[in-house]
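I have placed the structure first, in the form of structure tokens, so that the comments after it can refer back to it.
Worth saying up front: this structure is predicted, and the values here are computed from it rather than measured.
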Amino acid sequence: MDKRCFDLHCHSTASDGDLSPAEVVGRAATCGVDVLALTDHDTFSGYEEARAAAKDVGITLVSGIEFSSQWQKWGIHVLGLHFDPQSSVMREAQAQQLSAREQRARMIADRLSAKGLPDLLLAAQEKSRNRFPGRPHFAQAMVAAGWVSNEQEAFKKYLGRGKPGDIQALWPDIETVIGWIVAAGGTAVIAHPRKYEMSLTKLRELIAEFKSFGGLGIEVVTSGQKQGEQGMLADLCRRFGMLASVGSDFHSPRFSWAELGRVSALPDSVEAVWSRWSL
């Protein structure tokens, strides 16, 4: 059994995290992480900075990205792990996704304005350090402007699933996203499967299609899980012959419940996604 500490899901300022890629790596080392994947939303632009920092602190860095995709009526996040960062397919995919994110930010701002809020696009861009703002950046802008008391309220009223700021239509279908990852030699993993609020029957359908398209893994262990969810996801891994992954989904030191490396180890009954890699 591999005793190293793995964290294969976290975010930096390259997307919606609070720390730079180098700072994320440094914090991961302090938290005892041995193998890390930086999985920013729809970009791996922080990879080179993270790789340099990983060499300095002795962490093994795995290439990573968290793609946004569409499956039926759900927006599904797909982790791409251990792919070739020089792959032209992945670089083209990144460019396509970032263009979609730019369009989506404008649409979110317009929808919020239609609900009586001011145009928050520039404020959200500032929160994203002039990158491509996502819903967390709009939430931060709402708090700063005094429209809501905290980011959780922003999601509950305006940005959460089914709310005006929840825009999924711009994302590619899940088969396309898996194809990008596979073409770049990577491993496609369903991120935080229980966050999609779908029935167990529908989740089984998702996993079956995900596997048929070339997906290999399920994130069995992540932050904020309810009692019994890890066991249920481990059972689905075994039932469908999938690999299991683990990740904190770290975004910020402000969120202590999603700290780097502070998630439980994978159950012994599943095969770890990294068992297929040379690390």
Nearest non-hydrogen partners of Gly116 and Trp147, listed with the distance: O-CH2, 3.6 Å
Rounded distance [0.5 Å steps], CZ in Phe210 versus CD1 in Ile190: 4.5 Å
Any side-chain heavy-atom pair of Gln86 and Arg91 under 4.5 Å: yes
Closest contact, heavy atoms only, Gly165 versus Leu159: CA-CD2, 4.1 Å
Option from Thr222, Leu203, Val270, Val221 for which side-chain contact (heavy atoms from CB on, under 4.5 Å) with Leu233 holds: Leu203
Geometric class of the Tyr196/His77 ring pair [parallel <30°, tilted 30-60°, perpendicular >60°]: perpendicular
Single-linkage hydrophobic cluster Leu200~Trp71, side-chain heavy atoms < 4.5 angstrom: yes
Check ion pair Lys202-Glu205 (N to O, under 4.0 angstrom): yes
Main-chain N/O of Gln72 paired with Gln70 side-chain donor or acceptor, under 3.5 Å: yes
Check: Lys211 side chain, Phe240 main-chain N or O, donor-acceptor pair, under 3.5 Å: yes
pair Leu120-Pro118: side-chain heavy atoms closer than 4.5 Å: yes
Heavy-atom side-chain contact between Ile76 and Trp171 under 4.5 Å: no
Minimum-distance pair of heavy atoms, taken over all atoms of Ala124 and Pro133: O-CB, 3.6 Å
Closest heavy-atom pair and its distance - Val189, Ser245: CG1-CB, 4.0 Å
Residues Arg135 and Asp166 bridged, charged N to O under 4.0 Å: yes
Pair Ser113-Asp119, side-chain donor/acceptor within less than 3.5 Å: no
Closest heavy-atom pair and its distance - Gln94, Asp42: CG-O, 3.7 Å
Inter-residue atom distance Lys115.NZ - Tyr158.OH, 0.5 Å rounding: 9.5 Å
Sub-4.5 Å side-chain heavy-atom contact between Arg101 and His41: yes
Val143 and Ser149: CA distance, side-chain angles, deciding distance, side chain to side chain contact (heavy atoms under 4.5 Å, CB included) verdict: CA-CA 6 Å; Val143 174; Ser149 58; over 6 Å; no
Donor-acceptor pair, side chain of Glu229 and main chain of Lys226, under 3.5 angstrom: yes
Inter-residue atom distance Leu79.CG - Thr187.OG1, 0.5 Å rounding: 11.0 Å
Nearest heavy-atom neighbours spanning Ser87 and Ala184: OG-CB, 3.5 Å
Under 3.5 Å donor-acceptor, Ser128 side chain and Gln125 backbone: yes
His192 side, atom NE2; Ser223 side, atom OG - distance, nearest 0.5 Å: 10.5 Å
Residue pair Ile207, Arg239: steps toward the side chain to side chain contact (heavy atoms under 4.5 Å, CB included) verdict: CA-CA 10 Å; Ile207 295 171; Arg239 181 176 302 186; over 6 Å; no
Close side-chain approach of Leu170 and Met107, heavy atoms under 4.5 Å: yes
Donor-acceptor contact below 3.5 Å, side chain Ser63 vs main chain Asp84: no
Heavy-atom donor-acceptor pair, Thr39 side chain to Glu66 backbone, under 3.5 Å: no
Residue pairs involving residues 270-279 (criterion salt bridge (charged side-chain N to carboxylate O under 4.0 Å, His left out); sequence neighbours excluded): Glu271-Arg276
Distance-only side-chain donor-acceptor flag, Thr176 / Asp173, under 3.5 Å: yes
Leu81 side chain near Trp274 side chain, heavy-atom distance below 4.5 Å: no
hydrophobic_cluster_shared for Phe255 and Leu19, side chain cutoff 4.5 Å: no
Parallel, tilted or perpendicular: ring planes of Phe44 versus Phe83, cut at 30 and 60 degrees: perpendicular
Donor-acceptor under 3.5 Å (Arg104 side chain, Ile167 main chain): yes
Any Met90 side-chain heavy atom under 4.5 Å of Ile65 side chain: yes
Student check: side-chain heavy atoms of Phe138 and Leu121 closer than 4.5 Å: yes
Residue pairs passing the salt bridge (charged side-chain N to carboxylate O under 4.0 Å, His left out) test where at least one lies in residues 243-258, sequence neighbours excluded: Asp18-Arg254, Glu151-Arg254, Lys195-Asp249
Residue Glu102 excluded, over 12 heavy atoms near CD under 6.0 Å: no
Verdict with reasoning, Asp16 to His251, per side chain to side chain donor-acceptor pair (under 3.5 Å): CA-CA 7 Å; Asp16 59 348; His251 283 75; 3.3 Å; yes
Phe132 side, atom CZ; His137 side, atom NE2 - distance, nearest 0.5 Å: 12.0 Å
Could you pull out all donor-acceptor pairs under 3.5 Å where a side-chain atom in residues 20-36 meets a protein atom, sequence neighbours excluded?
unit_1 : atom_1 : unit_2 : atom_2 : d
Ser20  : OG     : Glu23  : N      : 3.1
Ser20  : OG     : Glu23  : OE1    : 3.3
Glu23  : OE1    : Ser20  : N      : 2.8
Arg27  : NE     : Glu259 : OE1    : 3.1
Arg27  : NE     : Glu259 : OE2    : 3.3
Arg27  : NH2    : Glu259 : OE2    : 2.7
Thr30  : OG1    : Gly26  : O      : 3.1
Asp34  : OD2    : Cys5   : N      : 2.7

Under 3.5 Å donor-acceptor, Ser275 side chain and Ala272 backbone: yes
Under 3.5 Å: donor-acceptor pair, side chain of Asp7, backbone of Leu260: no
Between NZ on residue Lys157 and CD on residue Gln152, distance to nearest 0.5 Å: 13.0 Å
Gln230 side chain to Gln225 backbone, donor-acceptor under 3.5 Å: no
